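Contents: one structure, followed by commentary.
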Amino acid sequence: KDLIVSFGEMLIDFVPTVSGVSLAEAPGFIKAPGGAPANVAIAVARIGGRAAFVGKLGDDEFGRMLAGILRDNGVDDSGVSFDTGARTALAFVTLRSDGEREFMFYRNPSADMLLTEGELNLDVIKSAAVFHYGSISLITEPCRSAHLKAMEVAREAGALLSYDPNLRLPLWPSAEEAREQILSIWDQADIIKVSDVELEFLTGQESVEDDVVLTLWRPAFKLLVVTLGEKGCKYYTKDFRGSLEGYAVDTVDTTGAGDAFVGAMLRKIVADQTVLQVEGKLREVLKFANACGAITTTEKGAIPALPTEPAAVELLKRH
Ligand code: ATP
């Protein structure tokens, strides 16, 4: 069993043709397919793993284009449903010159929010070795119930559950609601990856020290990872903890780095689950994941920038 099933949203980011402008100033936009869970599925496939994506798209040009991108990248799309009444989600995203990311979402509601329990492809979910998800699919019904059901089915079928909360604050009614809902499924995961920004949001403390991170630890966890952007990552298991430096590269756009990291990590875990028990093995896996994250920052956009295994191995050799 080595299938990684990623559940959640797939959408189109519209990003400005020039950098460092506000959404209002942007002279034009280009399509950048995205959605963190979809990026993770493609990241897995790009490095030779088996991946499936489960979610809902609009039965429109953009939805069919996105399903085609999954297939072209070797991701099983048999868990994708299409909504005839709602559009594929769109987001306009820019990194302004002051370094702030500005988002504008078109989800009123979008197809991804309308996935129902009845539409879940249970055969795909039951064949998962790892079932991976975020938190955006928890925001509104009916997708929220479908998400919870899919987690339950995957767990009963013996999958490891992997959670990357992927905080998108503007999508939630309030920060309190976001925190509460993100944490409502916290204890059920086996593997969690948070960024330093999410750690601060969830703990209310501006620190990545062990005592702060460990407030998010639960006894049943197999692995908790905190990613630190260019500084690499920290890892925590029941038996050991530590950190790994990142790899210096010529960064142009960090979109998708976290997804590349997660895809690489999960791909290596399904290949050999003992990496969760043996620190030396886990460190090798996380070095590989750091390399995959780093490479993803060297090109614009998430999906085009996701590395192949040889590219990541090459970066590791150079260090
Ligand atoms: P995103 O939301 O942009 O996909 P994230 O915030 O979830 O990413 P990050 O911590 O930014 O996750 O990045 C994940 C991993 O990618 C890091 O642990 C690191 O290994 C690598 N990485 C990210 N940014 C850089 C960078 N500028 N230079 C080198 N490596 C990077």
Side-chain angles (χ1 to χ4, degrees), residues 1-13 31-57 62-81 88 112 121 123-134 137 150 154 159-164 166 191 193 227 255-273 275 285-316:
K1 239 186 163 184
D2 63 353
L3 180 68
I4 294 163
V5 176
S6 196
F7 175 94
E9 69 286 358
M10 183 172 199
L11 56 111
I12 301 179
D13 283 335
K31 296 189 298 237
N39 291 343
V40 168
I42 294 173
V44 168
R46 189 75 49 89
I47 52 171
R50 285 211 308 136
F53 174 74
V54 175
K56 197 171 197 184
L57 299 167
F62 287 157
R64 284 186 289 272
M65 178 194 93
L66 292 177
I69 288 169
L70 290 173
R71 287 193 301 275
D72 291 348
N73 282 280
V75 174
D76 178 341
D77 70 336
S78 61
V80 175
S81 315
T88 301
D112 57 297
N121 182 333
D123 291 337
V124 172
I125 295 168
K126 282 179 189 164
S127 51
V130 170
F131 183 72
H132 174 77
Y133 45 88
S137 41
L160 288 175
L161 300 190
S162 163
Y163 185 22
D164 174 351
N166 245 298
I191 299 166
K193 176 258 171 203
T227 56
T255 310
D259 305 327
F261 181 99
V262 170
M265 177 178 80
L266 296 180
R267 158 85 179 114
K268 293 295 177 186
I269 290 172
V270 295
D272 175 9
Q273 286 203 18
V275 301
V285 166
L286 296 177
K287 281 183 200 169
F288 179 73
N290 272 339
C292 288
I295 292 169
T296 305
T297 72
T298 60
E299 250 184 77
K300 256 189 152 181
I303 292 172
L306 294 168
T308 59
E309 176 139 18
V313 169
E314 173 61 31
L315 175 66
L316 290 172

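It should be emphasised that the depicted structure is a prediction, and the values quoted were computed from it without experimental measurement.
- Of all the heavy atoms in Ala51 and Ala41, the pair that sits closest is CB-O, 3.3 Å.
- Using a 4.5 Å heavy-atom cutoff, the side chains of Arg50 and Ile4 are not in contact.
- Partners of Asp13 according to the side chain to side chain donor-acceptor pair (under 3.5 Å) rule, which considers only residues two or more places apart in sequence or in another chain, do not exist here.
- In terms of modelled atom types and a separation under 3.5 Å, the side chain of Ser162 and the main chain of His132 share no donor-acceptor contact.
- Looking at heavy atoms from C-beta onward, Val80 lies out of side-chain contact with Lys56 at the 4.5 angstrom threshold.
- Side-chain atoms of Arg267 do not come within 3.5 Å of backbone N or O of Arg46 as any donor-acceptor pair.
- Side chains of Asp272 and Val285 form no contact here, defined as non-hydrogen atoms less than 4.5 Å apart.
- For the pair Val5 and Ala128, the tightest heavy-atom approach, listed with the atom from each and the gap, is CG2-CB, 3.4 Å.
- A 4.5 Å side-chain heavy-atom check between Ile295 and Leu315 finds at least one atom pair inside the cut-off.
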Next item on the list: Decide yes or no on side chain to side chain contact (heavy atoms under 4.5 Å, CB included) for Leu286 and Met265, but give the supporting numbers first.
Entry: CA-CA 6 Å; Leu286 296 177; Met265 177 178 80; 3.9 Å; yes
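- Here the CG atom belonging to Asp259 is positioned 12.0 Å from the SG atom belonging to Cys292, to the nearest 0.5 angstrom.
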Check: Does the side chain to side chain contact (heavy atoms under 4.5 Å, CB included) test come out yes or no for Val262 and Asn39, once each step is laid out?
Finding: CA-CA 10 Å; Val262 170; Asn39 291 343; over 6 Å; no
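- The shortest non-hydrogen separation linking Ala67 to Leu57 is N-CD1, 3.9 Å.
- When side chains are defined from C-beta on, Ile269 counts as touching Leu160, because their heavy atoms get closer than 4.5 Å.
- When atom types are taken as modelled, the side chain of Asn73 and the backbone of Val75 share no donor-acceptor pair closer than 3.5 angstrom.
- Inter-residue side-chain proximity for Tyr133 and Pro37 is flagged as unmet; no heavy-atom pair is nearer than 4.5 Å.
- Thr296 approaches Thr255 most closely through the heavy-atom pair CG2-O, 3.7 Å.
- Side-chain atoms of Asp164 and Asn166 form a donor-acceptor pair, as typed in the model, at a separation below 3.5 Å.
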Checklist line | Full working for side chain to side chain contact (heavy atoms under 4.5 Å, CB included) between Thr88 and Met65 | finding: CA-CA 10 Å; Thr88 301; Met65 178 194 93; over 6 Å; no
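- In this structure, Asp112 and Met10 have side chains that are not in contact, with every pair of non-hydrogen atoms separated by 4.5 Å or more.
- The CZ atom of Phe261 sits 6.5 Å away from atom OG1 of Thr227, with the distance rounded to the nearest 0.5 Å.
- Smallest separation of non-hydrogen atoms from Leu66 and Pro33: CD2-CB, 3.7 Å.
- Under a cut-off of 6.0 angstrom, the local environment of NZ in Lys31 is sparse, with at most 12 non-hydrogen atoms contributed by other residues, nucleotides or ligands.
- From Leu266, atom CG reaches atom CZ of Phe131 across 12.5 Å, with rounding to the nearest 0.5 Å.
- Within the 4.5 Å cutoff, no side-chain heavy atoms of Leu306 are placed close to those of Ile47.
- Phe53 and Gly8 make their closest contact through CZ-O, 3.2 Å (heavy atoms, listed as atom of the first residue, atom of the second, distance).
- With Tyr163 as the aromatic partner, Lys193 does not meet the cation-pi criteria of under 6.0 angstrom to the ring centre and within 45 degrees of the ring axis.
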